[in-house]
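Note that the coordinates shown come from a computational prediction; the quantities given were computed from them, not determined experimentally. Heads up: numbering here begins at 1 and tracks the sequence.
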Amino acid sequence: YLNHKIMEIYSESVTINQEWADRLARYSELGQVASAVNAPGNDVFDSRDVDAEAARRNAALEDFNRDLDRARADLTDSVPASQAAPLLRQLDAVTASMGDMTAEADLIFSYFRNGETSQAGARMATMDRKYAAVTAELAALGSSVREIQKSQFNEQVAAAHYLRKFEYLIGAMILLMVCGVTVYG
């Protein structure tokens, strides 16, 4: 029975860890899509094709928002509210940072459309800082997930150690019974 319970704890631990590892991978993929949203704001300086770069950025932004919505849905559907709430707030921060970054890219695109390339260049560093804010928010989200994984793993280990105490107790009782039967026999 104890071995069965310990294996059950182990299996549950592996399952929970896998779920959080999958979430962490999704958040990492969000970072890659965020990079694709950022790139057209930089690439417009080489291509000078504002419409094509804006369309590319909009397509990447659509992908980012879709993936972000899926991440939100996963948290609200599959994670206890006590764990989901701080992560949802971090996703809100990611959304806000992404909005700031895309607003900067729109400003750069508008400067290019108006032939004010020097003004667009002046905004480039600001857009890069806004992108850095997006990646920092995603990194903080990843760090929070790793903390949750660590906490859940520690809970599972504590449960296994608790059951382990019963294993010693049962072993002692078996030894006592064998000694009793030997003395009686």
Colleague: Using every non-hydrogen atom in the two residues, find where Phe109 and Pro40 come nearest and quote the distance to one decimal.
Modeller: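 Phe109 and Pro40 have their closest heavy atoms at CE2-O, 3.8 Å.
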Colleague: Out of Arg48, Arg57, Arg56, which residue meets the salt bridge (Lys or Arg N to Asp or Glu O under 4.0 Å) rule with Asp43?
Modeller: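 With Asp43 as partner, Arg48, Arg57, Arg56 yield a single salt bridge (Lys or Arg N to Asp or Glu O under 4.0 Å), made by Arg56.
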Colleague: Hey, are the side chains of Glu53 and Ser47 touching, using non-hydrogen atoms and a 4.5 Å cut-off?
Modeller: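 Answer yes - side chains close enough.
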Colleague: Regarding Gln90 and Ser144, do their side chains bring together a donor and an acceptor under 3.5 Å, going by distance alone?
Modeller: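 The criterion, which ignores hydrogens and geometry beyond distance, is satisfied for Ser144 and Gln90.
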Colleague: Is it true that Leu61 and Leu107 fall in one hydrophobic cluster, defined by side-chain heavy atoms closer than 4.5 Å?
Modeller: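 No, separate clusters.
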Colleague: Determine the minimum heavy-atom distance between Ala84 and Leu75, stating which atoms define it.
Modeller: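 In terms of heavy atoms, the two residues are closest at CB-O, 3.7 Å.
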Colleague: Decide whether Leu24 and Leu141 are clustered together by the hydrophobic rule: side chain heavy atoms of Ile, Leu, Val, Met, Phe, Trp, Tyr closer than 4.5 Å, transitively.
Modeller: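 Yes, one cluster joins them.
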Colleague: Which residue in the set Val37, Asn42, Thr126, Asn38 passes side-chain contact (heavy atoms from CB on, under 4.5 Å) when paired with Tyr131?
Modeller: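 Result for side-chain contact (heavy atoms from CB on, under 4.5 Å) with Tyr131: Asn38.
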Colleague: Measuring from Leu91:CG to Leu30:CG, what's the distance to the nearest 0.5 Å?
Modeller: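 The distance works out to 7.5 Å.
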Colleague: How long is the span from the CG atom in Asp74 to the CD atom in Glu19, to the nearest 0.5 Å?
Modeller: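 Atom-to-atom, Asp74:CG and Glu19:CD are 8.5 Å apart.
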Colleague: Go through it in stages, so that I can follow the logic: the residues are Met101 and Met127, the test is side-chain contact (heavy atoms from CB on, under 4.5 Å), and I'd like the CA-CA distance, side-chain angles, deciding distance and then a yes or no.
Modeller: CA-CA 6 Å; Met101 186 186 81; Met127 190 183 78; 4.2 Å; yes
Colleague: Would you name the heavy atoms of Gly99 and Thr102 that are closest together and state the gap between them?
Modeller: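 So the minimum-distance heavy-atom pair works out to O-OG1, 3.1 Å.
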Colleague: Atom CD of Gln32 and atom CG of Leu138: how far apart are they, to the nearest 0.5 Å?
Modeller: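 One gets 11.0 Å once the value is rounded to the nearest 0.5 Å.
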Colleague: Taking C-beta and beyond as the side chain, do Arg23 and Val79 meet within less than 4.5 Å on heavy atoms?
Modeller: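 Arg23 reaches Val79 side chain to side chain.
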Colleague: Taking all non-hydrogen atoms of both residues, which atom of Ala71 and which atom of Tyr27 are closest, and how far apart?
Modeller: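 Residues Ala71 and Tyr27, closest heavy atoms: CB-CE2, 3.7 Å.
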Colleague: Given the rule that I, L, V, M, F, W and Y join up when any side-chain heavy atoms are under 4.5 Å apart, are Val94 and Leu88 in one cluster?
Modeller: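 Yes, same cluster.
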Colleague: Could you measure the distance from the OG atom of Ser143 to the CD1 atom of Ile148? Nearest 0.5 Å is fine.
Modeller: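 Ser143 atom OG to Ile148 atom CD1 measures 10.0 Å (nearest 0.5 Å).
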Colleague: Just verifying a value: how many Å separate Ser78 OG and Asp22 CG, rounded to the nearest 0.5 Å?
Modeller: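 One finds 11.0 Å between OG of Ser78 and CG of Asp22.
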Colleague: For Ser110, is there any backbone N or O sitting under 3.5 Å from a side-chain donor or acceptor partner on Asn114?
Modeller: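 A pair under 3.5 Å: yes.
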Colleague: Is there a side-chain contact (heavy atoms from CB on, under 4.5 Å) between Leu68 and Arg72 once you walk through the steps?
Modeller: CA-CA 6 Å; Leu68 193 66; Arg72 280 183 204 285; 4.0 Å; yes
Colleague: Work out which heavy atom in Ala139 is nearest to a heavy atom in Arg146; give both atom names and the distance.
Modeller: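 Reported closest heavy-atom pair: O-NH2, 4.2 Å.
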Colleague: Just verifying a value: how many Å separate Arg129 CZ and Glu104 CD, rounded to the nearest 0.5 Å?
Modeller: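 CD of Glu104 is found 8.5 Å from CZ of Arg129.
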Colleague: Could you go through Arg113 and Ile108, starting from their C-alpha distance and side-chain angles, then the distance that decides it, and tell me whether this counts as side-chain contact (heavy atoms from CB on, under 4.5 Å)?
Modeller: CA-CA 9 Å; Arg113 283 188 181 101; Ile108 289 171; over 6 Å; no
Colleague: Is there a salt bridge (Lys or Arg N to Asp or Glu O under 4.0 Å) between Asp63 and Arg66? Walk through the geometry before answering.
Modeller: CA-CA 5 Å; Asp63 291 344; Arg66 184 190 64 243; 3.0 Å; yes
Colleague: With no hydrogens and no angle check, do the side chains of Asn58 and Glu62 hold a donor and an acceptor under 3.5 Å apart?
Modeller: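 Judged by distance alone, the side chains do not pair up.
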Colleague: Assigning hydrophobic clusters by single linkage (Ile, Leu, Val, Met, Phe, Trp, Tyr; side-chain heavy-atom cutoff under 4.5 Å), is Val44 placed with Tyr111?
Modeller: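 Different hydrophobic clusters.
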Colleague: Please report the shortest heavy-atom distance between Ala34 and Met98, naming the atom on each side.
Modeller: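 Ala34 and Met98 have their closest heavy atoms at CB-CE, 3.7 Å.
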